[in-house]
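Report on the structure given below.
A note on names: the letters A, B, ... follow the listed sequences, proteins ahead of strands, and every chain is numbered from 1. The structure presented is a predicted model; accordingly, all values stated were derived computationally and were not measured.
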Protein chains: 2
Amino acid sequence: MIIKEKGQLLLDYINRYVPLTEEEEQILLSKIGYRTYLKGQFVVQQGDICKYECFVLSGCTKTFYMDGEGQEHIVMFSIEDWWTADMGSFITQTPADYNVQCLEKTELIMFSYDIIEDLYAAIPKLERFFRLIIQNAFVASQKRIIRSFSLSAKERYVYFRNQYPKIEQRIPQYMIASYLGITKEFLSKIKSELIVEQ
Amino acid sequence: MIIKEKGQLLLDYINRYVPLTEEEEQILLSKIGYRTYLKGQFVVQQGDICKYECFVLSGCTKTFYMDGEGQEHIVMFSIEDWWTADMGSFITQTPADYNVQCLEKTELIMFSYDIIEDLYAAIPKLERFFRLIIQNAFVASQKRIIRSFSLSAKERYVYFRNQYPKIEQRIPQYMIASYLGITKEFLSKIKSELIVEQ
DNA sequence: ATAAAAAGTTAAACTAGATTAATATGATTT
DNA sequence: AAATCATATTAATCTAGTTTAACTTTTTAT
C-alpha cells in the first residue's frame, strides 16, 4: 500500500483519461507498489522477465538494448509522468530485450503482472485507460520510425532538442547520440555546426 | 450491416483475444462497415482526417508518408488479418500524416470513429481487445526502431524476408526498399551479393 | 505480336556518418 | 591541490549507402 500523497500524482494522471470514483481510487492504491531506485540501478535487465509496468513519479530512466558487439542503443528516456518497462517482455512474460536503468534517484509506482488482471477485473475502466495510453505510445513510436528514415541526423537532433528540452539538460550528450542513432563524435560535430549557423 | 460470412473472419480473429457471446457478435456485425477497394485506390490520404480503423479481409495495402521532397517512405504493409489506418489521425481526429493505398483489390471491415465509442459502451470487452492489439503493435514498432539502428541494410532485408515471406512475394522490390529505408538500387545490390554468398 | 510503361540491374562518382586516435574539459575523490 | 575518471571536442581516414545515368527485363495494353 502506497501513501496517499505519492499516489495522488498517478491518480491525477489517470483522471485525465478516465474519471475514477473514490472507491476505485482506494482499490487502485491498494494494489500498486512503490519503490525508489538509486542512480545506476536497474529496474529491468535484458534476459530477465519484466514483472512490472512502472509509472515515474520522479527521476529519470533510460531504456536500452545491448547489441551483439556490446553497443548500447537507447530506445527511450522516461521522466516524471511517463511510463517505463519492457512492454514486450511484460505482456508475453518472456525474457526482456531491453535494460531499464536509472540515471538519477528515481521513484516509481509499479503495476505487477500478477495483480494487473485483478485490477482490470475490479476497475474495468482501466482497460480503457491503458488502451488510450498505449495508443498514444504507438503513434509516437510510428512517428519516430518515419523520422529515422526521412530526417538527417542534424534534423533529428534539432527535433529532439525542441521536443524534449527538459530531458536534454539532464542527460549526458553521449546518451542523446545513442538515442538519435549516431556516434557521440558526430553529435559533437553537429552541435558545433549549429553554433556556427546561428 | 455486413453479411455474416464476411464478418466471420473478423469474429474468429477477435475471439482469439476475447470470447464474444452470440448477442455481442450480432451487435458488432450491426455496427461495422464493409468496403472493397480496387488496386491503386486510397483508403486514407495524407491531410484528410482518418474516419476508420480497418481490418483487412483480403488484399494488401501500403501505409506511407510523402516527405517534403516528394519521396515516399513506406511505414507498413497490411495483408489479411492485419489492421490498417492512420491511427494517430484516427484517435485525435486531426489531419493524417500518412496515405493508405491498396496494392491489390482489397476487402476491408471498417470501424467508424463515430460509432466506435458506442461499440465500447455496448461491448466493454472490446476495450480489452483493442488494448491487446495495440500493445502488440507497439511492441513490434519498438523492435523495428531497434532494428533500424542496430542492423545493416542487408541484415534488415534478410530479417524482413524471413519474417514476412508472403508479403515479399506480392510486392514490388522498390517498395520493399522504401520500407527498409534504402534505395531500390542498393537493395538490388544487396540481393545480388546474397546470391553470390549462397 | 508489338509497343509502351513499369520494374529491376549495374557501375561510377559522391556524401553522411563511422572509426580511430589524440587532446581538452569538467567533475569527483583523496 | 593533485589525481583520477567521465565526458566532450577535433581532425584524418574510411565505408555503407546515395545519386545519377545508362541499360535490361518484365508486365500491361493495344
Side-chain angles (χ1 to χ4, degrees), chain A residues 38-41 60 62 64 66-74 77 101-105 145-161 167-198, chain B residues 38-41 60 62 64 67-74 77 101-105 145-161 167-197:
Chain A
L38 298 178
K39 180 173 176 172
Q41 288 190 301
C60 181
K62 66 173 173 182
F64 66 100
M66 190 80 83
D67 71 19
E69 279 88 52
Q71 274 253 289
E72 206 178 292
H73 301 274
I74 297 178
F77 300 109
Q101 188 178 19
C102 298
L103 303 178
E104 307 170 1
K105 177 165 177 287
I145 291 175
I146 282 294
R147 288 196 303 275
S148 82
F149 287 140
S150 62
L151 300 185
S152 69
K154 189 189 278 186
E155 289 167 326
R156 273 179 278 143
Y157 170 61
V158 170
Y159 179 88
F160 174 81
R161 211 172 49 171
I167 293 184
E168 200 197 357
Q169 278 147 32
R170 55 208 264 195
I171 286 174
Q173 198 169 303
Y174 72 92
M175 289 190 193
I176 292 166
S178 170
Y179 175 83
L180 295 172
I182 58 178
T183 59
K184 58 194 193 321
E185 291 84 358
F186 193 57
L187 178 55
S188 189
K189 190 175 174 188
I190 285 171
K191 288 185 79 165
S192 71
E193 283 173 11
L194 285 170
I195 289 164
V196 172
E197 284 169 22
Q198 205 47 260
Chain B
L38 298 177
K39 180 171 176 174
Q41 288 189 303
C60 182
K62 67 173 173 181
F64 66 99
D67 72 17
E69 278 88 52
Q71 274 251 292
E72 206 178 291
H73 301 275
I74 296 178
F77 300 109
Q101 187 177 19
C102 298
L103 303 177
E104 307 171 1
K105 178 166 175 287
I145 290 174
I146 282 294
R147 290 196 302 277
S148 82
F149 287 140
S150 62
L151 301 184
S152 68
K154 189 189 276 187
E155 289 167 325
R156 274 179 277 143
Y157 170 62
V158 170
Y159 178 89
F160 174 81
R161 211 172 50 171
I167 293 184
E168 200 196 359
Q169 278 146 33
R170 55 208 265 197
I171 285 174
Q173 195 169 305
Y174 72 92
M175 289 188 193
I176 292 167
S178 170
Y179 175 83
L180 295 171
I182 58 177
T183 59
K184 58 194 194 317
E185 292 83 358
F186 192 56
L187 178 53
S188 188
K189 189 176 176 187
I190 285 172
K191 288 186 80 166
S192 70
E193 282 173 12
L194 286 170
I195 289 165
V196 173
E197 284 167 23

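- Interatomic distance, OH of A:Y157 versus CD1 of A:I190, reported as 8.5 Å (0.5 Å rounding).
- Partners of B:E72 under the salt bridge (charged side-chain N to carboxylate O under 4.0 Å, His left out) rule, at least two apart in sequence or in another chain, are B:K62.
- Residues from residues 182-190 of chain B with heavy atoms under 4.0 angstrom of DNA chain C, sorted by number: B:E185, B:S188.
- Under the side chain to side chain donor-acceptor pair (under 3.5 Å) criterion, A:Q71 pairs with no residue at all, not counting sequence neighbours.
- Applying the side-chain contact (heavy atoms from CB on, under 4.5 Å) rule to B:S192 yields no partners; only residues at least two apart in sequence or on another chain are considered.
- The CZ atom of A:F64 sits 5.0 Å away from atom CD of A:Q101, with the distance rounded to the nearest 0.5 Å.
- Between A:D67 and A:E69, the shortest heavy-atom contact is OD1-N, 2.9 Å.
- In terms of the side chain to side chain donor-acceptor pair (under 3.5 Å) criterion, residue partners of A:E155 (sequence neighbours excluded) are, by chain and number, A:S152.
- The span of DNA chain C lying next to chain A, judged by atoms under 4.0 Å from heavy atoms, is bounded 5' to 3' by C:dG17 to C:dA21.
- B:F186 and B:A153 get closest at one heavy-atom pair: CE2-CB, 3.7 Å.
- Contact record, A:L194 with A:R161: CD1-NH1, 4.2 Å, taken as the closest heavy-atom pair.
- First and last contacts of DNA chain D with chain A, using any nucleotide atom under 4.0 Å from a protein heavy atom and ordered 5' to 3', fall at D:dT7 to D:dT10.
- Evaluation of the side chain to side chain donor-acceptor pair (under 3.5 Å) test over residues 173-188 of chain A, restricted to residues two or more places apart or in two chains, returns A:Q173-A:K191.
- End-to-end axis angle of the helix from C:dA1-D:dT30 to C:dT30-D:dA1, using five pairs per end and rounding to 10°, comes to 50°.
- DNA chain D is contacted by both B:K39 and B:S152; B:S152 maps to the nucleotide lying nearer its 5′ end (nearest heavy atom per residue).
- Distance check, rounded to the nearest 0.5 Å: CD1 of A:I145 to OG of B:S148 gives 7.0 Å.
- Under the salt bridge (charged side-chain N to carboxylate O under 4.0 Å, His left out) criterion, the residue pairs touching residues 170-182 of chain B are B:E80-B:R170, B:E104-B:R170, with sequence neighbours excluded.
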